[in-house]
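Below you'll find the structure, written out as structure tokens, and then a few comments.
One is the number of the first residue; the rest follow in order along the sequence.
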Amino acid sequence: MLYLNPSQNHGISVLRYKSSVMYIAVVPACHYYGHFGMVGVWLRYVCLYLLSFSFSGQSELHVLLPMIVRLDIPVLTADDIAGICRASRVGVCYGRNADDLPTPEKAVQLIQMHNIKYVRIYDSNIQVLKAFANTGIELMVGIPNSDLLSFSQFQSNANTWLKNSILPYYPATKITYITVGAELTEAPNSTSALVVSAMQNVLTALKKAGLHKRIKVSSTHSLGVLSRSFPPSAGAFNSRHAFFLKPMLEFLAENQSPFMIDLYPYYAYRDSTTNVSLDYAIFEASSEVIDPNTGLLYTNMFDAQLDAINYALMALNFKTINIMVTETGWPSKGSPKETAATPDNAQTYNTNLIRHVINDTGTPAKPGAAVDVYVFSLFNENRKPGLESERNWGLFFPDQTSVYNLDFTGKGVVDMPAGGNTTGSNGTWCIASPSASEPDLQNALSWACGSGNVDCSAIQPSQPCFEPDNLASHASYAFNNYYQQNGATDIACSFGGVGVRTNKNPSYDNCLYATAGGKKAIASNTTATPSKTSSSSPQRSYRWTQHLLMAFPLFLLVPF
């Protein structure tokens with residue numbers, strides 16, 4: 001970003017170079033800290049302005065540029081605008097390190113039911129890739145660390161993998177990212193040294209297939225990639241990793257690929273409870289933490305960790321690389337000493353995280369900037385080693401019931417039934433939204449009558465609720481049954497945004513809709529056959545906490 005003495009609040013001007021079709025947007029800057037400008041809410045209007053306004057030629061530039069300079073306002077490049085204008089996305093990590101998970105087909109139904117559009121897997125399992133075909137879900141696939149040697153040694157190995165594991169399923173399965181290796185700062189140096197060569201070979205294979213602009217190549221990192229993270233403005237990469245990190249950053253910048261980071265405020269709190277408050281870790285803080293170098297105020301650990309990466313990239317002059325959070329979350333259960341691992345804290349963290357991301361809040365250093373986030377994880381995984389918490393990061397149990405209620409839209413009010421008990425509907429019913437599309441209704445109906453364990457016999461031919469024989473009517477009946485069985489909460493009527501609550505009883509003729517207490521939830525006693533090949537994220541490392549200055553001293557807390 002190029003700044004022209006940012007100071008005052010002024011209007012927006014947009015210039016268009018006709019010859020190069022390059023946009024430069026000029027926006028107000030209220031404050032200026034270090035290398036970043038806090039540009040405020042005006043940035044939200046840049047995209048609309050770009051769409052609605054353009055100049056006919058270059059002559060206007062000569063008139064407006066002196067005005068821009070006199071106004072002392074910042075100039076954003078096209079890269080800056082792209083990062084700000086694109087909406088943030090929330091996805092989920094689908095790990096499979098368990099022996100009791102549903103089939104990939106059922107897992108995909110569950111994902112669709114909750115209207116999740118972005119998913120990360122940790123390998124290129126054929127059964128999983130097939131399950132995501134024709135769903136429109138954007139998929140991030142992975143190449144594990146154990147395969148880096150073969151991918152780095154010979155280009156032919158990368159070519160063969162792409163030919164056999166990706167191309168047969170693309171584009172029906174919408175693969176958008178390939179992660180080459182994972183959290184290599186926790187791996188031996190001999191493994192880390194292979195990653196960039198492997199990434200380059202995968203990219204070359206994609207280029208030969210003409211897919212390098214549609215599928216981006218990167219690698220994921222733990223926060224151990226930093227040597228310092230507090231204050232965020234002092235964020236710096238650990239020099240011990242420079243031998244592979246510098247060429248990797250050059251690769252990412254050259255190919256416009258994101259820097260992928262796994263962020264876990266849970267570990268920061270668990271390992272330093274005397275210096276980090278629980279409220280600060282789960283987005284509930286009533287006070288702020290000051291970065292003494294910039295004066296920026298932080299209300300949560302997630303933003304502070306993310307900005308530490310932002311500043312570390314800027315310190316090495318990699319300002320154009322976007323950051324993607326490929327894992328974050330909170331465990332719902334832990335060992336006796338892991339007292340913060342509870343369903344309540346997990347629900348609070350993930351709910352607040354999703355709202356924070358969906359609202360395009362950005363961070364104090366980059367307000368309004370989009371950031372994609374993947375919540376870890378879809379299911380509890382019973383084969384993961386380590387403390388009890390390692391096996392309890394899931395949003396769902398293997399039987400596909402929710403560990404706690406979570407609204408992926410970031411808009412609903414989430415109320416978790418106390419002790420897991422259901423509550424009455426108080427005279428409300430759940431029906432299909434009139435604005436819902438038929439494909440979304442069909443997906444939700446299929447899930448409700450299948451994995452959702454709803455008794456849908458009443459909407460079968462010759463049964464009392466079969467007529468009218470249309471998708472909306474059948475979906476409404478099934479939605480309401482699920483809603484009443486599962487506590488009559490907002491989330492129980494979500495169905496990925498295609499369910500709505502009503503105070504008017506939708507019963508008609510002999511078709512009686514269930515009411516509070518009319519039906520009990522049906523527990524699933526069946527265990528689906530798991531896929532033969534199961535994999536997941538590497539065990540999330542928390543060794544990085546020993547060299548991380550994550551302790552935000554309590555004396556820096558300032559009341560609002």
Side-chain angles (χ1 to χ4, degrees), residues 91 93 95 118-124 138-153 155 157-158 161-162 165-166 175-207 211-212 215-226 237-264 305-306 308-310 312-313 316 318 320-328 371-374 376 535-541 543-544:
C93 300
Y118 310 93
V119 175
R120 177 188 178 190
I121 62 174
Y122 295 86
D123 56 12
S124 54
E138 294 190 15
L139 198 62
M140 179 187 302
V141 304
I143 296 171
N145 292 350
S146 56
D147 290 343
L148 292 184
L149 179 60
S150 63
F151 275 75
S152 65
Q153 281 185 326
Q155 179 64 53
N157 290 338
W161 173 81
L162 190 73
S165 299
I166 301 297
I175 299 166
T176 53
Y177 292 98
I178 296 174
T179 60
V180 182
E183 297 191 348
L184 289 163
T185 55
E186 313 304 328
N189 285 351
S190 57
T191 302
S192 305
L194 304 172
V195 65
V196 177
S197 296
M199 291 169 68
Q200 187 60 58
N201 286 344
V202 171
L203 178 64
T204 300
L206 287 170
K207 285 182 176 179
L211 296 177
H212 60 290
I215 302 177
K216 294 296 182 180
V217 178
S218 189
S219 183
T220 68
H221 307 272
S222 74
L223 210 56
V225 73
L226 298 182
F237 290 113
N238 195 320
S239 59
R240 292 190 295 114
H241 307 310
F243 69 97
F244 79 87
L245 193 57
K246 188 176 186 299
M248 180 185 290
L249 293 176
E250 292 170 348
F251 174 95
L252 299 180
E254 180 180 352
N255 296 288
Q256 297 180 320
S257 294
F259 182 87
M260 296 178 168
I261 186 73
D262 300 341
L263 297 182
Y264 284 99
Q305 291 181 339
L306 191 55
I309 298 293
N310 275 319
L313 288 171
L316 297 181
F318 289 101
T320 63
I321 298 178
N322 291 324
I323 299 174
M324 177 181 289
V325 180
T326 41
E327 283 185 16
T328 190
V371 57
D372 295 345
V373 172
Y374 288 76
F376 189 91
S535 63
S536 178
S537 155
Q539 182 178 355
R540 274 164 316 290
S541 170
R543 285 179 289 173
W544 52 265

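- Side chain of N255 to main chain of S257: no donor-acceptor pair is present (N/O by atom type, distance under 3.5 Å, no hydrogens or angles).
- Considering every non-hydrogen atom in both S219 and M248, the closest pair reads CB-CE, 3.9 Å.
- Across all non-hydrogen atoms, the minimal contact from V141 to D123 is CB-O, 3.5 Å.
- Summarising the geometry, atom CD1 belonging to I323 is positioned 11.0 Å from atom NE2 belonging to H221; distances are rounded to the nearest 0.5 Å.
- With a 4.5 Å cut-off on side-chain heavy atoms, S222 and Y264 do not count as touching.
- Note: D262 CG to M324 CE = 12.0 Å, rounded to the nearest 0.5 Å.
- Taking CG of L263 as the reference point, atom CD of E327 lies at 10.0 Å (rounded to 0.5 Å).
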Please determine whether side chain to side chain contact (heavy atoms under 4.5 Å, CB included) holds for the pair F251 and L203, giving the CA-CA distance in whole Å, both sets of side-chain angles, and the decisive distance to 0.1 Å. CA-CA 10 Å; F251 174 95; L203 178 64; 3.6 Å; yes
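- Interatomic distance, F244 CZ to M199 CE, rounded to the nearest 0.5 Å: 10.0 Å.
- When all heavy atoms are compared, the tightest approach of A205 to Q155 is N-NE2, 3.6 Å.
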Test I143 against F151 for side chain to side chain contact (heavy atoms under 4.5 Å, CB included), laying out the working first. CA-CA 9 Å; I143 296 171; F151 275 75; 3.5 Å; yes
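- Rounded to the nearest 0.5 angstrom, N145 CG and L184 CG are separated by 5.0 Å.
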Assess the residue pair L223 and I309 against the criterion (side chain to side chain contact (heavy atoms under 4.5 Å, CB included)); give the C-alpha distance rounded to whole Å, side-chain angles, the decisive distance to 0.1 Å, and a yes or no. CA-CA 9 Å; L223 210 56; I309 298 293; 3.9 Å; yes
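- Of all heavy-atom pairs spanning A308 and L226, the tightest one is CB-CD1, 3.8 Å.
- Of all non-hydrogen atoms in L249 and F259, the two that sit nearest each other are CD2-CD1, 3.7 Å.
- Nearest heavy atom pair, residue N201 against residue S152, reads ND2-O, 3.5 Å.
- When atom types are taken as modelled, the side chain of R120 and the backbone of T326 share a donor-acceptor pair closer than 3.5 angstrom.
- L316 has its side chain within reach of F237: a pair of non-hydrogen atoms, C-beta onward, lies under 4.5 Å apart.
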Side chain to side chain contact (heavy atoms under 4.5 Å, CB included) for V180 and L148? Distances and angles first, verdict last. CA-CA 8 Å; V180 182; L148 292 184; 3.5 Å; yes
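- In this structure, CE on M140 lies 11.0 Å from CD1 on I178, to the nearest 0.5 angstrom.
- A side-chain donor-acceptor contact under 3.5 Å links S150 to the backbone of D147.
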Side chain to side chain donor-acceptor pair (under 3.5 Å) between S124 and W161: does it pass, once the steps are laid out? CA-CA 9 Å; S124 54; W161 173 81; 3.2 Å; yes
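- In this structure the side chain of T176 never reaches within 4.5 angstrom of the side chain of Y118, judged on heavy atoms.
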